[in-house]
Novice: 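Can you read through this structure? Questions will come right after.
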Amino acid sequence: MEQVDKSNKRIAKNAILLYVRMFVIMCVSFFTSRMVLIALGVSDYGLFNLVGGFIVLFNVLSNALSTGTSRFITYALGVNDEGLIKRTFSTVFKVHLVLVVIFLVLSETIGLWFVNTQLVIDENRMVAANYVFQAAVLSTAVGIIQIPYNSLVVSHENFNVFAFVEIVNTFFKLGIAYVTLYSALDHLCVYSILYSGISVFTLFIYFFYCRRKYKESRSLTQMDRGILPQLLSFSGWGLFNNATFVASQQGLNVFLNWFFGTLINAAAGVAGQVQGILYTFTSNITTAFNPPIIKAYASKDYLRVGRLVSLGVVASAILTLLISIPIIVKLDFLMGLWLYKVPVGAVVICQLLLVKNLFNSFNPLPYTIIMATGKIKMTNILCGVISLLMLGVDYLVLLLTHSYAMTFLVGVIQPFSSTIIYLYYCKKYMATFSVRTFIMHTYLPLSMIALFTYYVCSYVSGAIDGELLSLCVVFATSTLLISVSSLAFVVDSQTRMRLWNFAKRKLGRGGVTYKN
């Protein structure tokens with residue numbers, strides 16, 4: 001019991017650290033995006049997102065192995081086998097070195113050909129486009145090598161280091177935006193080169209920290225041939241899912257470029273920035289809960305696995321709602337404050353992406369259960385097929401409607417499909433998992449709360465004169481409705497009692513001791 005309490009406190013501490021990180025990064029990132037848009041201009045900003053985004057197709061290779069690396073290192077920590085931890089890290093590091101070579105060959109052949117022959121880019125900006133591409137290649141190669149060290153920090157749940165490095169990186173990005181703005185050289189080239197330099201800096205930080213802190217990172221000579229096929233199989237199926245998902249996203253970016261040019265790419269880029277920053281609400285919870293969930297599964301404590309997943313999903317969904325709904329309602333006003341010139345289409349695209357975020361917030365932790373079992377084959381195949389189907393649907397929608405808004409609206413279907421797949425396989429692989437409880441006590445209530453709150457806030461927004469006053473009232477209304485509704489219809493009685501006792505202690509009134 002004492003060990004569980006310590007673990008719960010560590011999860012809470014890590015979640016708080018990650019939210020402090022998120023808050024700082026969110027504030028600085030919004031200002032940085034504004035400065036980058038000013039420094040590059042709308043057209044070059046769209047070009048940066050188009051060409052730099054293409055490299056994401058290669059990033060899926062490293063993302064798949066990153067998930068596998070974190071899972072196997074965390075699992076080894078869960079069974080408390082020091083030898084296994086050393087062999088696992090050494091094996092995954094060598095795999096990543098091989099991956100760097102494969103990545104460089106693919107990017108400097110197929111990638112270079114695609115950028116120079118298949119994208120709609122002004123001939124006068126082709127040199128700058130190649131600078132962007134090469135900078136993205138360098139950033140990705142360095143990022144691949146960094147993955148084993150980053151995974152080691154996360155698996156050990158040392159999120160203070162993780163949060164510190166990410167905050168420093170965010171301020172560096174703001175700095176290079178200012179340097180770019182006042183540079184006498186081509187702004188797009190300068191920004192791309194400096195941006196890639198941040199990746200090199202981050203690698204050195206993680207490398208030296210891990211070498212000093214974790215002895216398993218110092219031994220790179222061992223090779224576990226038993227782990228290798230498991231890692232490659234696990235990562236291979238993750239690669240298929242990631243590759244098809246990113247191909248779907250970047251394919252849509254290319255379709256938008258074909259139909260509308262780089263200006264809509266700029267709008268999608270701005271919207272994607274907002275979506276990515278706000279999605280950290282979900283990713284923070286996922287990052288904090290993933291290691292203890294996997295460790296609990298490794299030790300066969302399935303009851304704790306279910307409790308952690310339920311608590312994590314509720315927390316991530318509620319926090320996503322708290323920040324996203326008022327922003328969706330007042331996005332037109334907020335974008336006007338944020339950007340000196342809002343790209344055409346950015347507001348509606350961003351609103352639809354934030355709706356997609358809301359439904360995506362239910363998915364990461366159920367997938368963690370599947371990931372902990374190691375049986376991810378069918379889950380990733382089905383999700384990958386859905387991504388490919390969505391790419392075809394996107395093109396048909398653009399062809400038939402010539403509407404970028406309709407295309408992003410159709411994209412909201414994807415998280416619904418993923419939820420169905422994840423819940424089915426959670427139940428199949430862990431019999432104690434209750435699909436009915438998840439749907440009736442988490443998914444449906446939170447969805448209804450989101451819909452109700454949106455309509456109330458939209459009415460309030462329209463009824464109040466003055467944008468700033470309206471924004472404040474909408475945030476207050478949204479917070480009150482979501483908090484009260486969630487406590488009444490979503491949060492379980494045990495958690496409510498803990499929160500009530502915590503509040504009374506903080507107010508100096510004491511509280512009833514609650515025993516788990």
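Heavy atoms only: backbone and side chains are in, while hydrogens, waters and symmetry mates are out.
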Novice: Looking at Asn116, I want to see if its CG is surrounded by more than 12 non-hydrogen atoms of other residues, nucleotides or ligands under 6.0 Å.
Specialist: yes

Novice: Sort out for me which residue in Leu112, Leu106, Leu104, Val142 forms a side-chain contact (heavy atoms from CB on, under 4.5 Å) with Val137.
Specialist: Leu104

Novice: For a 4.5 angstrom cut-off between non-hydrogen side-chain atoms, does Phe164 reach Ile205?
Specialist: no

Novice: Evaluate the side-chain contact (heavy atoms from CB on, under 4.5 Å) criterion for residues Tyr191 and Val132: first the C-alpha distance (whole Å), next the side-chain angles of each, then the deciding distance (0.1 Å), finally the verdict.
Specialist: CA-CA 9 Å; Tyr191 183 74; Val132 173; over 6 Å; no

Novice: Less than 4.5 Å apart, any side-chain heavy atom of Phe359 and any of Ser447?
Specialist: yes

Novice: Apply the ring pair (Phe, Tyr, Trp, His ring centres under 6.0 Å) test between Tyr149 and each candidate in Phe208, Tyr209, Phe207, Phe204; give the one that qualifies.
Specialist: Phe207

Novice: Below 4.5 Å, heavy atoms only, C-beta onward: do Ile369 and Tyr425 meet side chain to side chain?
Specialist: no

Novice: Going from CE on Met390 to OG on Ser417, what distance comes out if it is rounded to the nearest 0.5 angstrom?
Specialist: 7.5 Å

Novice: For the residue pair Val153 and Cys210, establish whether any side-chain heavy-atom pair is separated by less than 4.5 Å.
Specialist: yes

Novice: Step through it carefully: locate the ring centre of Phe89, locate the ring centre of Tyr214, and say whether they are under 6.0 Å apart.
Specialist: no

Novice: For the CG atom of Leu352 and the CE atom of Met406, what is their distance to the nearest 0.5 Å?
Specialist: 9.5 Å

Novice: Please verify the inter-ring angle class for Tyr395 with Phe259; under 30° counts as parallel, over 60° as perpendicular, anything in between as tilted.
Specialist: perpendicular

Novice: With side-chain contact (heavy atoms from CB on, under 4.5 Å) as the test, would you mind laying out the steps for Tyr404 and Val348 before giving the verdict?
Specialist: CA-CA 9 Å; Tyr404 53 84; Val348 66; 3.9 Å; yes

Novice: To the nearest 0.5 Å, tell me how far Phe114 CZ sits from Ser107 OG.
Specialist: 14.5 Å

Novice: If you look at every heavy atom in Met371 and Ile376, which pair is closest and at what distance?
Specialist: CA-CG2, 3.9 Å

Novice: Strictly distance-based, threshold 3.5 Å: is any side-chain N or O of Ser248 a donor or acceptor partner for the main-chain N or O of Thr244?
Specialist: no

Novice: Quick one: does Ser458's side chain have a donor or acceptor within less than 3.5 Å of a partner on Tyr454's backbone?
Specialist: yes

Novice: Closer than 3.5 angstrom, by distance alone: can the side chain of His96 be matched with the main-chain N or O of Ile145 as a donor-acceptor pair?
Specialist: no

Novice: Taking the side chain as C-beta and beyond, is there a heavy-atom pair between Thr453 and Leu321 under 4.5 Å?
Specialist: no

Novice: Please examine the side chains of Thr202 and Asn169, heavy atoms only from C-beta on, and report whether any two atoms are closer than 4.5 Å.
Specialist: yes

Novice: Minimum heavy-atom separation for Ser316 and Ser361, please, with both atom names.
Specialist: OG-O, 3.4 Å

Novice: When you look at Val127 and Asp186, which way does the side-chain contact (heavy atoms from CB on, under 4.5 Å) test go after all the steps?
Specialist: CA-CA 10 Å; Val127 172; Asp186 186 293; over 6 Å; no

Novice: For Thr419 and Pro415, indicate whether the former's side chain and the latter's backbone hold a donor-acceptor pair under 3.5 Å.
Specialist: yes

Novice: Please test Ile176 against Phe172 for side-chain contact (heavy atoms from CB on, under 4.5 Å), starting from the C-alpha separation and ending with a verdict.
Specialist: CA-CA 6 Å; Ile176 68 173; Phe172 275 153; 5.5 Å; no

Novice: Grab the two heavy atoms, one from Leu382 and one from Ile421, that are nearest each other, plus how far apart they are.
Specialist: CB-CD1, 3.6 Å

Novice: Let me see the working for Thr407 and Asp394 under side-chain hydrogen bond (donor to acceptor under 3.5 Å, both in side chains), right down to the final yes or no.
Specialist: CA-CA 6 Å; Thr407 307; Asp394 288 339; 5.5 Å; no

Novice: Rounded to the nearest 0.5 Å, what's the gap from CD1 on Ile381 to NZ on Lys377? Could you check?
Specialist: 5.5 Å

Novice: Could you tell me which non-hydrogen atom of Ile144 sits nearest to which non-hydrogen atom of Pro148, and how far apart they are?
Specialist: O-CD, 3.7 Å

Novice: Looking only at heavy atoms, what is the nearest atom pair of Ala267 and Gly345, with distance?
Specialist: CB-C, 4.0 Å

Novice: Are Thr368 and Asn290 close enough that a side-chain donor and a side-chain acceptor fall under 3.5 Å?
Specialist: yes

Novice: Can you confirm whether more than 12 heavy atoms, excluding those of Tyr443, are under 6.0 Å from its OH atom?
Specialist: yes

Novice: So how far is it from Asn357 CG to Cys350 SG, rounded to the nearest 0.5 Å?
Specialist: 9.0 Å

Novice: Nearest 0.5 Å please: distance from the SG atom of Cys383 over to the CG atom of Leu388.
Specialist: 11.5 Å

Novice: Measure the shortest side-chain to side-chain distance between Gln351 and Val355 over non-hydrogen atoms and say whether it is less than 4.5 angstrom.
Specialist: no

Novice: Looking at Phe255, I want to see if its CZ is surrounded by more than 12 non-hydrogen atoms of other residues, nucleotides or ligands under 6.0 Å.
Specialist: yes

Novice: Taking all heavy atoms of Ile349 and all of Ala271, pick out the closest pair and write down the distance.
Specialist: CG2-CB, 3.5 Å

Novice: Between Phe289 and Leu365, is there a side-chain heavy-atom distance shorter than 4.5 Å?
Specialist: yes

